[in-house]
Amino acid sequence: MQHDLTKSEYILQVEHLKVVSAQGAELVRDVSLKIKPGEIVGLVGESGSGKSISTMAIAGILPEGISIAQGNIYFNGQDITHISTRDRCKINGNKLGIIYQDASQSLNPLIRIGKQIDEVLKIHTDLSPQERRNRVYGTMRAVNLPDVKKLAKRYPHELSGGQRQRVLIAMAIINNPELLIADEPTTALDVSVKAQIIELIKLINFSRKASVLYISHDFSTVKELCDRVYVLYQGIPVEVGETMQITEQPQHMYTKLLLESIPTPEKRGRHLLTMKARTRDYRGPATNCLFADRCPKVFERCRQEVPDMYEVCNGHQAACFLFDK
Amino acid sequence: MKDNLDNILEIKNVYAGYATSLRKAEYVLAGLSMIMKSGEFLGIVGESGSGKTTLANLITGFVRPISGEIYFQGQEVQNFSLRQRIKQFNCGIQMVFQDPYSSFNPKITIGKQLMEPLEIQKSLNDSEIEEKARQVLEQVGLSADYFSRYPHQLSGGQLQRVALGCALIVEPRLLIADEPVSSLDVSVQAQVLDLIMDLRKEYDFSCLFISHDLAVIYHLCDTVAVLDRGIIVEQGNVEDVFQNPQNVYTKQLISDAGYSF
C-alpha cells in the first residue's frame with residue numbers, strides 16, 4: 001500500500017482499525033478517522049462503542065490481551081501501528097499528549113505534583129533543572145492553577161478534582177504536543193469546573209496550535225468544543241461531519257436516537273425515547289447493519305450487508321443505505 | 001405530633017456532619033430547612049460537596065443529625081425506635097442509589113431481590129409475593145426470564161430499572177433517588193427517565209431526586225431546591241427557578257450548565 005502523506009496534511013490518520021480481545025470479541029470493528037492540524041475532532045459514543053479502545057490503540061496503551069488485528073495508524077505520516085516501546089516512548093508525552101478520564105487515578109499519590117509534571121520534561125528534554133522548574137511553573141500557570149510554587153509541593157490528594165485534572169492537562173501539554181488526546185476529561189467534574197476545563201482545552205488548541213481528539217458521550221460539551229464529530233456505534237463510525245451538521249441535521253438514526261435522549265426544555269414532562277431499547281452488544285463479526293434491529297427505517301438490505309460510509313453532503317457522511325445513491 | 005399531612009417531609013434547622021477532632025465538627029449540612037409537599041417531585045441540585053448525598057442519608061436514617069428535627073408524614077423520625085423505623089419507615093421511604101452494580105447482591109437472583117422487601121414486611125404470603133415481583137419486573141420493562149438471572153448478567157440500565165422496581169414494590173410514600181441516572185449512558189438514561197415518569201403514574205409517590213444535571217431535573221421535577229455548602233439557597237417551582245434565578249449561586253450554576261431554560 002502506498003501512502004504519500006505530506007507532513008502537513010493530516011496529523012493523525014487511522015485506517016480501517018480493528019481491535020480484538022484475546023477471546024476474539026471485536027471491540028473496534030472498522031474505524032477510520034483523520035485529524036487535520038489545528039482541528040478539534042470529537043469521538044462520540046456510548047459505553048461499549050469502542051471509543052476508548054480506539055484511543056488506547058492510537059496511544060499504544062491497549063490493555064493486556066487486547067490487540068490491533070487490522071488497520072494502520074499514522075501519526076504525522078509515520079506508521080505507529082506496531083512500533084517498539086522505545087519509539088513509542090519518544091512520541092507519548094512529547095508530540096502526543098494524553099489526558100485521562102479519572103484524574104485521581106492517573107497521578108501517583110506518593111509523589112509531589114511538581115515532580116510529577118517535571119518527570120515528563122526530564123524524560124523528553126535536556127533542559128537544566130532550573131529551566132525545567134521554570135517551565136513547570138509556567139505550564140501550571142498556563143492551565144490556571146493558583147499559587148503554583150506552593151501547589152507544586154502538594155500531593156495529589158490535597159488537590160480538588162478540578163485541580164487534579166488541570167495537573168494532568170499540564171503534564172500533557174508541557175512539551176507542546178501536536179496532538180492532544182482527551183478521553184472524557186470532564187465526566188467526573190462539576191458543571192462549573194467542566195465549563196472551565198472545556199475553555200482551557202479550547203485555549204490550548206488556539207494558543208499552542210495543538211490538534212485535539214476529544215472523546216466523550218456528552219453531546220453538550222462536544223457541541224461547545226469540536227469542529228468535526230465522529231459518532232461511533234458498536235465499533236463502527238456511523239456518522240461523520242461538522243459539529244453543526246451532526247447536531248442540527250443528524251442523518252443516521254443512531255445519532256438521532258442519541259440526540260433525542262438528551263432532555264431539553266422543550267421535551268419537559270414528555271417521553272424521550274421513540275426507538276427500541278438497547279439490548280446486549282453483539283461482539284461477533286458484523287454481517288449486516290448493526291443498528292438494523294433498533295432502526296425504525298429498517299429495510300431488506302440492512303439485514304443482508306454492512307453499509308459503507310455514504311456521502312450526504314459536503315463531507316457529511318453516514319453509514320446508512322438510505323444515502324447510497 | 002404535627003398534623004400537617006400535606007407535607008410529606010419537613011426538615012427544620014438540621015445540622016449534620018462529622019467530627020474532625022475531639023472538639024471540632026465539620027458541618028456538611030449547616031442549618032438546613034425545607035418542606036416537601038405530598039406527591040411532589042423535588043429536585044436537589046448542587047455541586048459535589050454541597051451536601052446532597054448527606055441530605056439523602058439523613059432522611060433515610062443512615063446519618064443522624066447533630067441537631068434539628070425531621071418530620072416524615074408529620075411524625076418526628078428520631079422518636080422512632082429501631083423496630084418502628086424498620087416497619088413503618090422502610091415501606092414509607094425507599095432509596096435508589098447511583099451505582100446499580102453495587103446495589104445488588106451478586107449471589108442472589110433478580111427475582112429474589114425483588115421479593116426480599118416484601119418478605120421483610122410479612123404482609124403477603126409467598127405466592128402473592130412472587131406474583132407481585134413478576135408484575136413489577138414487567139412494569140420496569142424486563143421480560144419474565146430476567147426473574148431467575150443474576151445481577152452480573154444484566155447491564156447497568158437494566159439493573160437500575162430493577163433497583164427502581166425493588167424500591168417501588170413496597171409502594172413507598174417517598175422515593176429518594178440519589179443520582180440514579182448519572183452513571184448511565186445517554187440513551188439508557190433516557191430509558192430510565194421515561195420509566196420513572198411511567199411509574200409515577202402507576203404508583204402515587206413523592207420523589208426527592210438528586211442530580212447534578214440541571215437538564216434532568218428540569219425534565220422530571222416539579223420543584224427544585226438548590227444546595228450550596230450545606231444550606232438551601234433557593235427553592236421553588238422548577239420553571240421559576242431555572243428561568244428566573246434569584247440567588248447568585250443559582251445563576252452561576254445555570255449559566256455554567258450552558259442551557260437556556
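Within every chain, numbering begins at 1; the chains are lettered A, B, ... in the order of the sequence lines, protein sequences first and strands thereafter.
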Is a donor on one side and an acceptor on the other found under 3.5 Å between the side chain of [X] and the backbone of [Y]?
X      : Y      : value
A:R268 : B:Y218 : yes
A:R270 : B:H219 : no
B:D185 : A:E46  : no

Counting only heavy atoms not in [X] (residues, nucleotides, ligands), do more than 12 fall under 6.0 Å from its [atom1]?
X      : atom1 : value
B:K132 : NZ    : yes
B:E138 : CD    : no
B:Q243 : CD    : yes

Residue pairs, two or more places apart or on separate chains, that pass ring-ring contact (aromatic ring centres under 6.0 Å, His included) and touch residues 242-278 of chain A: A:Y233-A:Y254, A:H252-A:F291, A:Y254-A:F291
Just by distance, with hydrogens left out, do B:Q252 and A:S192 show a side-chain donor and acceptor under 3.5 Å apart? no
Using a heavy-atom distance cut-off of less than 4.5 Å, which residues of residues 187-206 of chain B contact chain A? B:S187, B:V188, B:Q189, B:A190, B:Q191, B:L193, B:D194, B:M197, B:D198
Heavy-atom pairs under 4.5 Å with chain A - which of B:G49, B:S48, B:C221 has more of them than the others? B:S48
For A:E199, give me all partners under salt bridge (Lys or Arg N to Asp or Glu O under 4.0 Å), at least two apart in sequence or on another chain. A:K202
Is A:L273 in contact with chain B via its backbone, its side chain, both, or neither, using a 4.5 Å heavy-atom distance? both
At a heavy-atom distance under 4.5 Å, which candidate from A:L258, A:L272, A:V193 has the highest pair count against chain B? A:L272
Nearest 0.5 Å, what's the CD1-CG distance between A:I198 and B:D256? 12.0 Å
Residues pairing under salt bridge (Lys or Arg N to Asp or Glu O under 4.0 Å) where one sits in residues 181-190 of chain A, two or more places apart or in two chains, turn out to be A:K51-A:E184
